[in-house]
Amino acid sequence: MQSFEIDKSDVLKVKNAILAGDEVLMEVLAEYHASEIAILFERLDKSEQQHIINLLPAETASEIISEMDEESHPEDLLFQLHPDKRTEIVEELDYDDATDIISQLEDHEQKEILEDLEDDHASEIRNLLTYDEKTAGGLMNTELICVNINLTKKDAIDEIIRQSEEMEEFYTIYVVDDEAIFKGIVSLKDIIKAKHNAQITELVKVDAVYVHPDTDQEEVANLISQYNLTSIPVIDDHQKLLGRVTFDDVIDVMEAESTEDILKISGVSEDEELSGNWVEAVKSRLPWLIINLGTAFLASSVVRYFDPTIKLIPSLAAYMTIIAGMGGNAATQALAVTVRRISLYDLTDKQAYRTVLKEFTVGLINGAANGLIVFIFAFFFDGNPMLGLVIFLAMTGNLIIAGITGAGIPLILKRVGIDPAIASSIIITTFTDVFGFLLILGLASKLLL
């Protein structure tokens, strides 16, 4: 089965079905999975989305809304529904999904929705709303299977059956004592395979990995990935079990974190929505471009300083762009690899040193290889071996600088508490431009004049 992608024919089919009547529309919608309908919603008007949601049963409608992209603003669609339909949908949602959607609304809108819910649903969601959305507490679902450590195999199975009636799926069974203190985990497989008279205390894995509610979402994702977990328990400072974070939520986190890093490296604010309009894009990008303009003036001042050299050797102007461009590309490569390494691992001083050393070596080899190519070109095209030597040295030197700055600057920013993805690209561009021009023009002034 292939992943679903938006197709004009699918959108047209749904739009025509809406016009043809509810019976036809239901037949067409039956051809699609809830997640596919959520994707189709990106091309439908709000009125068409509401019509479909109102027509479908609350269980299916809740799946569609939970699968909608954040930038499609499912919270607005939910709030605009009739209060009765809205309540049915929210109560069908998992607590963590309901919290994620409701948290995007204004306070008075949240209050209106929560007041219509049953007390237990409203209480759970209000509790989850108190956590930062980018922490384990903001990701966790309080619905889980939990058994007492003192139960027998038979009693534990009875308890699991009772608790699972309201749950769609579960992967891990959590074990607590009489005071609700977290004691470990046990798999359903181990319980089933155990002897008839086995006790849960004999089956529990006490060394289970867990997180606290204030643990950053990226750390949660790293732990689930590192230990190949399907879910991870969330406990408070008193070791009491609060909830669980499942791997499907972590997939969304990893995608969001990767997108955020890519945007930051490119000098784009994480607040800019990928589907946003041009006004939002300008507001997000213009400040960074102005900062970049200031650093560009610094590079241009180097060129101005060596203006007499350029007038005597005009061909340097053509090679300058090559040196600076190659340095910028090499630095971006080193930066991307280093930022990703930082996001995945908490690098020690030794690992950080090795990272910079590696990029220095890569810069040296790549610089020499590319410098040799340009040397040969300058030798045959310009007939000047000394010019070729200058370009060779400048290329090698600038790619070394690119490697060191591309790896070193994000590590330094991380050490001083600044997000390395935010400012690194502008700083390394300044380094490669300034030193690229300085190397080729400075060497030319010394060796060619």
Would you say F375 has more than 12 foreign heavy atoms packed within less than 6.0 Å of its CZ?
-> yes
For residues P410 and L335, determine if any side-chain heavy atom of one lies less than 4.5 Å from a side-chain heavy atom of the other.
-> yes
Do other residues, nucleotides or ligands put more than 12 heavy atoms under 6.0 Å from R43 CZ?
-> no
All ring pair (Phe, Tyr, Trp, His ring centres under 6.0 Å) counterparts of F247, not counting sequence neighbours = Y171
Compare all side-chain heavy atoms of R244 with those of T172 and state whether any distance is below 4.5 angstrom.
-> no
By side chain to side chain donor-acceptor pair (under 3.5 Å), S9 pairs with (sequence neighbours left out) D7
Should Y174 and S231 be marked as a side chain to side chain donor-acceptor pair (under 3.5 Å) after you check the CA-CA gap, both sets of side-chain angles, and the distance that decides it?
-> CA-CA 11 Å; Y174 301 101; S231 65; 2.7 Å; yes
Pair up each side-chain donor or acceptor in residues 313-327 with any protein partner under 3.5 Å, not counting sequence neighbours, and list the distances.
unit_1: Y319; atom_1: OH; unit_2: D382; atom_2: OD2; d: 2.4
unit_1: T321; atom_1: OG1; unit_2: A318; atom_2: O; d: 2.8

Hey, could you give me the CG/CG distance between D97 and L128, rounded to the nearest 0.5 Å?
-> 11.0 Å
Any side-chain heavy atom of L399 within less than 4.5 Å of one from M395?
-> yes
Heavy-atom check, side chain of L77 versus side chain of M68, under 4.5 Å | yes
Between K15 and D10, is a salt bridge (charged side-chain N to carboxylate O under 4.0 Å, His left out) present by the stated rule, with each step listed?
-> CA-CA 9 Å; K15 284 180 174 287; D10 291 304; over 6 Å; no
Go through the structure and list residues passing side chain to side chain donor-acceptor pair (under 3.5 Å) with D307, not counting sequence neighbours.
-> K311
Contact check, side chains of V176 and K240, non-hydrogen atoms, under 4.5 Å | no
What residues form a salt bridge (Lys or Arg N to Asp or Glu O under 4.0 Å) with E75, not counting sequence neighbours?
-> none
Counterpart residues, side chain to side chain donor-acceptor pair (under 3.5 Å), relative to D248 (two or more places apart) = T246
Sorted by chain and residue number, the side chain to side chain contact (heavy atoms under 4.5 Å, CB included) partners of V362 (sequence neighbours excluded) come out as K358, E359, N366
Between the main-chain N or O of A221 and the side-chain N or O of S225, is there a donor-acceptor pair closer than 3.5 Å?
-> no
First locate atom CG of L25, then atom CG of L56, and finally report the distance between them rounded to the nearest 0.5 Å.
-> 7.5 Å
Q104: partners by side chain to side chain donor-acceptor pair (under 3.5 Å), with sequence neighbours left out | E133
Which pairs pass ring-ring contact (aromatic ring centres under 6.0 Å, His included) with one or both residues in residues 424-449, sequence neighbours excluded?
-> F431-F435
Honestly, is R86 close enough over F79, meaning NZ or CZ under 6.0 Å from the six-membered ring centre and within 45° of the axis?
-> yes
Measuring from L439:CG to I391:CD1, what's the distance to the nearest 0.5 Å?
-> 12.5 Å
What's the spacing between L55 CG and L29 CG if we round to 0.5 Å?
-> 7.0 Å
Check: V211 main-chain N/O paired with T215 side-chain donor or acceptor under 3.5 Å = no
Any chance you could measure T99, atom OG1, to R126, atom CZ, to the nearest 0.5 Å?
-> 11.5 Å
State, yes or no, whether a side-chain contact exists between P213 and L242 at a heavy-atom distance under 4.5 Å.
-> yes
Heavy-atom side-chain contact between I64 and F41 under 4.5 Å = yes
Given K134 and E218, is the salt bridge (charged side-chain N to carboxylate O under 4.0 Å, His left out) satisfied, shown in steps?
-> CA-CA 8 Å; K134 292 190 175 183; E218 197 167 358; over 6 Å; no
ring-ring contact (aromatic ring centres under 6.0 Å, His included) pairs, two or more places apart, involving residues 291-316 | none
I412, I409, T432 screened by side-chain contact (heavy atoms from CB on, under 4.5 Å) with I427, the one that passes = I409
Determine, for R415 against D349, whether the closest basic-nitrogen to carboxylate-oxygen distance falls under 4.0 angstrom.
-> yes
Count the heavy atoms belonging to other residues, nucleotides or ligands that lie under 6.0 Å from NZ of K46, then report whether that count exceeds 12.
-> yes
Taking distance alone, no hydrogens or angles, what donor-acceptor pairs closer than 3.5 Å link side-chain atoms of residues 139-147 to residues at least two apart or in another chain?
unit_1: N141; atom_1: OD1; unit_2: E143; atom_2: N; d: 3.0
unit_1: N141; atom_1: ND2; unit_2: D96; atom_2: OD1; d: 3.4
unit_1: T142; atom_1: OG1; unit_2: E124; atom_2: OE1; d: 3.0

Under the side chain to side chain donor-acceptor pair (under 3.5 Å) rule, what pairs show up with a residue in residues 49-60, not counting sequence neighbours?
-> D22-H51, Q50-Q80
Report yes if the side chains of T135 and Q217 come closer than 4.5 Å at any heavy-atom pair, otherwise no.
-> no
Can any side-chain N or O of N384 pair as donor or acceptor with the backbone N or O of M386 at less than 3.5 Å?
-> yes
Taken to the nearest 0.5 Å, the spacing of E63 CD from E92 CD works out to 9.0 Å
